[in-house]
**Student:** 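Structure provided below as structure tokens; questions to follow.
Atoms within each ligand, like the ligands themselves, are counted from 1 in listed order.
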Amino acid sequence: MRPLRLGVNVDHVATLRNARGGTHPDPLAAARAALAAGADSITIHLREDRRHIRDADCQAMRAALTAPINLEMAATAEMEAIATALRPHACCLVPERRAELTTEGGLDAAGHAESLAPVIAALGAAGIRVSLFLDPDLRQVEAAARLGARAVELHTGTFCEAGGDARRRELDRLAEAARRVDALGMECHAGHGLDYDTAPLLAAIPEVVELNIGHFLIGQALFDGLPAAVRRMRAVMDGVRRP
Ligand code: PXP
């Protein structure tokens, strides 16, 4: 089995900080704690409305961390300019609507190929590994390959919210999409809504090499502390995929 990396998304540390407008809790300090506890990389989403992570957070993380940073962003000219100047290890292109509470679905790579292609090319030319956040839909996966994406992150939100047969069907879709991502020569990542119960089910799909997890870990950190929450998630993942 291939190793499975854990990317910890620290957006919601910034959500809490911004609630009071000060500097505490510091997302950079959370990133350091997550890495020390076994995370492989740090994920941050710079949204158009800057509701959590802000430009200064991106710069502080880039300056201070040697571990890979995965910048989630919309495929806009503003974000392309920020990313090519920042040069994080990776960018994950996500759809973004101002009114949504969180990223609600995958990108329509097949329908928006023309507008995505130049952004993917510009990020790639800056040496950034580009992934596309997609629903587990083979048509979208094939579009990502045609667009030259190096990775696909499969949206696990529907799976995490479903129960019973619907959950099993969604897990089958994720496994099939993961096989296609891998067969097309891209890395397969997964994320959204994962917790201690759902992460191992994704870890059992051998083609998945990275999980990006945020909201659950930051919430769990209120009870157990962030290092303990990250260590437990690592143990849960490693229980299925020994490194
Ligand atoms: N991956 C992507 C592309 C996302 O947009 C998000 C949410 O920002 C996550 C992973 C993490 O999701 P969650 O916070 O639900 O763990």
**Student:** Output yes when Arg168 and Asp165 qualify as a salt bridge under the 4.0 Å nitrogen-oxygen rule, no when they do not.
**Tutor:** yes
**Student:** When you check the gap from the basic side-chain N to the acidic O, do Glu187 and Arg5 get nearer than 4.0 Å?
**Tutor:** yes
**Student:** Output yes when the distance from some N or O of ligand 1 to some N or O of Leu194 is under 3.5 Å, and no in every other case.
**Tutor:** no
**Student:** Short list, please: which atoms of ligand 1 are under 4.0 Å from a heavy atom of Asn9?
**Tutor:** 8 (O)
**Student:** Against heavy atoms of Glu72, which atoms of ligand 1 measure under 4.0 Å?
**Tutor:** 1 (N), 2 (C), 3 (C), 4 (C), 5 (O), 6 (C), 8 (O), 9 (C), 10 (C)
**Student:** Closer than 4.0 angstrom, basic N to acidic O: yes or no for Glu78 and Arg50?
**Tutor:** yes
**Student:** Using a 4.0 Å heavy-atom cut-off, say whether His12 meets ligand 1 through its side chain, its backbone, both or neither.
**Tutor:** neither
**Student:** Consider ligand 1: state whether an atom of it lies below 4.0 angstrom from any non-hydrogen atom of Phe133.
**Tutor:** yes
**Student:** Side chain or backbone of His155 under 4.0 Å from ligand 1, or both, or neither, by non-hydrogen atoms?
**Tutor:** neither
**Student:** Is any side-chain N of the basic residue among Arg180 and Asp137 closer than 4.0 Å to the acidic one's carboxylate O?
**Tutor:** no
**Student:** Can you list everything that forms a salt bridge (charged side-chain N to carboxylate O under 4.0 Å, His left out) with Asp26? Sequence neighbours excluded, please.
**Tutor:** none
**Student:** So, Arg231 and Asp224, do they make that salt bridge, N to O below 4.0 Å?
**Tutor:** no
**Student:** Using a strict 4.0 Å cut-off to heavy atoms of Gly214, name the atoms of ligand 1 that fall inside it.
**Tutor:** 13 (P), 14 (O), 16 (O)
**Student:** Find all atoms of ligand 1 within a distance of less than 4.0 Å from any non-hydrogen atom belonging to His215, and give their numbers and elements.
**Tutor:** 13 (P), 14 (O), 16 (O)
**Student:** Does Gly193 reach ligand 1 with a nitrogen or oxygen that is under 3.5 Å from one of the ligand's nitrogen or oxygen atoms?
**Tutor:** yes
**Student:** Starting at CG of Leu171, measure out to CD of Glu176 and round the result to the nearest 0.5 Å.
**Tutor:** 12.0 Å
**Student:** Can you name the atoms of ligand 1, numbered from 1 with element, that are less than 4.0 Å from a heavy atom of Ile213?
**Tutor:** 16 (O)
**Student:** Mark up the atoms of ligand 1 that fall under 4.0 Å of a heavy atom belonging to Val94, in ascending order.
**Tutor:** 3 (C)
**Student:** Could an N or O of ligand 1 be found under 3.5 Å from any N or O of Glu153, whether backbone or side chain?
**Tutor:** yes
**Student:** Is Glu210 salt-bridged to Arg129, cutoff N-O under 4.0 Å?
**Tutor:** yes
